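Notes follow the structure.
It should be emphasised that the depicted structure is a prediction, and the values quoted were computed from it without experimental measurement. Letters A, B, ... mirror the listed sequences (proteins, then strands); counts begin at 1.
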Protein chains: 2
Amino acid sequence: MARVVAEREDVLPALAEVFRRHGFEGASIARISQATKLGKGSLYHFFPGGKDEMAEAVLAHVRDWFEVNIFRPLEDEAPQEGIARMFSGVESYFRSGQRICLVGAFALDETRDRFAEAIRAYFGRWVEVLGAALRRSGVAVADADRLAGETVAGIQGAIVLARALQDEERFRAVLETLRGRVSGS
Amino acid sequence: MARVVAEREDVLPALAEVFRRHGFEGASIARISQATKLGKGSLYHFFPGGKDEMAEAVLAHVRDWFEVNIFRPLEDEAPQEGIARMFSGVESYFRSGQRICLVGAFALDETRDRFAEAIRAYFGRWVEVLGAALRRSGVAVADADRLAGETVAGIQGAIVLARALQDEERFRAVLETLRGRVSGS
DNA sequence: ACGTCTTTGTACCGATCGGTAAATCATGTA
DNA sequence: TACATGATTTACCGATCGGTACAAAGACGT
């Protein structure tokens, strides 16, 4: 009874990796079946809505992870600590740019329209909660939102750049610079 | 005789749009045929190498545009002018984040491996040429490369963020901030 | 008008696509 | 042991995938 939910949850990380590597269109059911070690039958048993439901579940799973490990600390802890936790959390989560941001990737092509709400919620909350932390740390209200947007954009761009140049040091360098921006000025 | 090349060139913008909207895997031959108004026969006549050759041609075409409109001005003009031209050029080229960066999108999923050289060359040259302009404008050698990377990453991230939030004002705001970074500090 | 070379439309190929259906298997309970 | 319920395997569906073959049509110099 609890096992059904548990097993579905257990598959989400592998499922997420397929979507990350191949994108929504490139993630074929055959590939998903292989990566999750679940046959087609089981797959459609756990996700009757097909690929769309799988992607939706993965997006929710990612969102949950960020909620617990990034967003909530930004809200609850002291600004400096929350922000420091965000940078280190992001760096290890994205494996220095070797692992991409699933939500960011979905935002780029036409699959964005299919999952518009989940994508908007993820980035909207990130910018909002980081902006609030910045305000609490003394950044002027007029600058906080702009600085939050610059930072989130910078992280997403760092992933693109690091993958393009195949240089994870570049990812760390950009994040280091961003870290200086939010604590310095 | 010259017409053959000319027609192939004429199709590249429409071809690029298909890859932009659907990604490499999502850009089916049927969709490409429809967008370019070229039948399968003509398509494989102009691009005997199939989809891979089409994508390669599009990447080269994009590269050429940036070479002429962004990279070379950064090299040839005064640093401030070249940089200003870069920002305004990028803003109109990406249509305030409504149009994505094809090269950046390719860098994210597994199609990166297929076109690794073209992708690396594009971003490598961008960072390099922007870094050189920054050095000429007086930025310390130690900071120029880092600032260039931050800027290019910021632009890529701004596209992601603007599309995710469906807010082109956000794109302009991030670019405005980046503009201040490279001229200010 | 002719022959040549480029361009196009169309039919077709095997493979794979996402998804369905139903039979079978495993498991826990009464 | 008998039964119910959840989980899995397997075969199959029509549609579409990327790509090929080839003949008809068009363009063009002579």
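- Considering only side-chain atoms of B:Y44, the nucleotide from C:dG19, D:dG18, C:dT8 that sits closest is D:dG18.
- Contact annotation: A:S28 side-chain N/O to C:dC17 OP1/OP2 distance is under 4.0 Å.
- Salt-bridge check for A:R85 with A:E81: failed, with every basic side-chain N at 4.0 Å or more from each acidic carboxylate O.
- Checked for salt-bridge contact, A:E17 and A:R99 meet the test: a charged N lies under 4.0 Å from a carboxylate O.
- The CD atom of B:E7 sits 7 Å away from the P atom of C:dT7 (whole-angstrom rounding).
- Per the geometry, CZ belonging to A:F46 stands 7 Å off C1' belonging to D:dA7, to the nearest Å.
- The stretch residues 12-26 of chain A has no heavy atom under 4.0 angstrom from DNA chain C at all.
- Residue A:K40 places its side chain closer to C:dT20 than to any other of C:dT20, C:dT8, D:dC17.
- Every residue was checked against the salt bridge (charged side-chain N to carboxylate O under 4.0 Å, His left out) condition with B:R136, not counting sequence neighbours, and none meets it.
- A:H45 has its NE2 atom 4 Å from the P atom of D:dA7, to the nearest Å.
- Between B:R114 and B:D109 there is no salt bridge, since none of the side-chain N atoms of the basic residue sits less than 4.0 Å from a carboxylate O of the acidic one.
- Counting any heavy atom pair closer than 4.0 Å across all strands shown, B:G39 reaches sugar-phosphate atoms only and no base atom.
- Ring geometry for A:F71 versus A:W126: interplanar angle of 30 to 60°, hence tilted.
- The CD atom of A:Q34 sits 13 Å away from the P atom of C:dG18 (whole-angstrom rounding).
- Residue contacts shown for A:G41 include a base, since a base heavy atom lies under 4.0 Å away.
- A salt bridge between A:R146 and B:E176 is absent, with no side-chain N of the basic residue lying under 4.0 Å from a carboxylate O of the acidic one.
- Closest to the side chain of A:S42, out of C:dG18, D:dT20, D:dT8, is D:dT8.
- When the C1' atom of C:dC12 is taken as reference, atom CD1 of B:I29 falls 16 Å away, rounded to whole Å.
- Here ring-ring contact (aromatic ring centres under 6.0 Å, His included) pairs that include residues 22-42 of chain B, with residues two or more places apart or in two chains, are B:F19-B:F24, B:F24-B:F115.
- C:dT8 atom P lies 6 Å from atom CG of B:L38, rounded to whole Å.
- The NZ atom of A:K37 sits 14 Å away from the P atom of D:dT8 (whole-angstrom rounding).
- The separation between A:K51 atom NZ and C:dC17 atom C1' is 9 Å, rounded to whole Å.
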